[in-house]
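Accompanying notes for the structure given below.
No hydrogens, no waters, no symmetry mates; every other heavy atom, side chains included, goes into these values.
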Amino acid sequence: MKRNGFLAKSFYGARCFKSAPPSRKCAWIGLLLVLTGLFTAFDGTDEIDLTTLRNEDGDYAYHGIAWGSSPEEVENALGIDFADAMKLTSVSQEFCDYNFKNSARLNGYTASTSIEFIDDGLSSVHYSFNGEQGNLAVLYDTLADALTELYGEPDARVDEDDIADTISLPGGGALAVVTGRHMRRWVSTVGTETTLLIIQRVEINGKTEAVLSVNIVPSLP
């Protein structure tokens, strides 16, 4: 299988397990858990359906698309064109992120959709909401409750406030201060892969971000 953005792309995001070496069997699959409409076009009208985050095999997944699928296969499955997205790649070109801004909605909130590949294999899909839209703490709590009802109690959780962690942002040297972080993580090992479903809320540099994601990993840290 296959598989840093705001803070979520370091420890606290769907990529909070990126310490694992990248490979086609280690899918950094972050499916931002927050939005999951069936995308025929990324135009901000797609609504999230939280019930579709797990496939028939029991893996957490994205619209039934196989993790490790090529960019072309994902384009065909979703009816989208990655030429319309902002593209970010790693220096080695092994990692590629296609970001569609304001492409989906949930409970009146708009989210950007980030579809990631490692070695040309689908590794993660993220939906991120920024705090300029309203109270993301309420959105986070609503999503956490809904996901717990759908998929059971989370296997791991983090709730930290009034902290002051300084981190380096992805892409080069810039520093940011994290003052709060909240995360819920569900793990599935009943399907063909170990997959993760993650929702998180992070307070960084005085702003709030909320993200939901699904990941495939070779093992948990």
Heavy atoms, side chains only, cut-off 4.5 Å: are [X] and [Y] in contact?
X      : Y      : result
Cys96  : Lys87  : yes
Thr208 : Val202 : no
Asp155 : Arg185 : no
Ile198 : Trp186 : no
Val178 : Ile167 : yes

Over all heavy atoms of both residues, which pair between [X] and [Y] is shortest? Give the atoms and the distance, please.
X      : Y      : answer
Asn99  : Lys101 : OD1-N, 3.7 Å
Gly191 : Asp59  : CA-OD1, 3.3 Å
Ala144 : Ile199 : N-CD1, 4.1 Å
Phe117 : Leu122 : CD2-N, 3.3 Å
Ile204 : Ala176 : CD1-CB, 3.6 Å
Leu143 : Leu106 : CD2-CD2, 3.2 Å

To the nearest 0.5 Å, what is the distance between [atom1] ([X]) and [atom2] ([Y])?
X      : Y      : atom1 : atom2 : result
Leu50  : Glu149 : CG    : CD    : 10.5 Å
Phe129 : Glu209 : CZ    : CD    : 11.0 Å
Ile115 : Ser69  : CD1   : OG    : 11.5 Å

Exercise for the section: Verify the cluster assignment for Tyr140 and Leu150: are they in a single hydrophobic cluster under the rule of side-chain heavy atoms below 4.5 Å apart? Expected result: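 Tyr140 and Leu150: one cluster.
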
Problem - Verify same cluster id: Val187, Val158 (apolar side-chain graph, 4.5 Å) - result: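 Yes.
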
Problem - salt bridge (charged side-chain N to carboxylate O under 4.0 Å, His left out) pairs, two or more places apart, involving residues 64-85 - result: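 Passing the test, one end in residues 64-85: no pairs.
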
Problem - With sequence neighbours excluded, residues passing salt bridge (charged side-chain N to carboxylate O under 4.0 Å, His left out) with Glu153 - result: Arg157

Practice task
Could you tell me which residues satisfy salt bridge (charged side-chain N to carboxylate O under 4.0 Å, His left out) with Asp159, sequence neighbours excluded, listed by chain and number?
Solution key: Arg184

Exercise for the section: Assess the pair Tyr60 and Tyr151: is the distance between their ring centroids shorter than 6.0 Å? Expected result: yes

Does the [X] side chain pair with the main chain of [Y], one donor and one acceptor, at a distance under 3.5 Å?
X      : Y      : result
Asp120 : Ser70  : no
Asn107 : Tyr109 : no
Asn135 : Ala137 : yes
Tyr62  : Thr52  : no
Thr110 : Asn102 : no
Asn55  : Asp57  : yes
Ser188 : Gly58  : yes

Problem - Asp161 and Arg181 ion-paired at < 4.0 Å - result: no

Problem - Residues Glu56 and Arg54 bridged, charged N to O under 4.0 Å - result: no

Problem - side chain to side chain contact (heavy atoms under 4.5 Å, CB included) evaluation trace for Ser114 with Asp97 - result: CA-CA 7 Å; Ser114 180; Asp97 177 303; 2.5 Å; yes

Exercise for the section: Specify whether Tyr98 and Phe82 have parallel, tilted or perpendicular ring planes, treating 30° as the upper limit for parallel and 60° as the lower limit for perpendicular. Expected result: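 Tyr98 and Phe82: parallel rings.
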
Exercise for the section: Go through the side-chain N and O atoms of Glu203 and Thr179 and say whether any donor and acceptor fall under 3.5 Å apart. Expected result: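 Note: Glu203 and Thr179 side chains miss the donor-acceptor criterion.
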
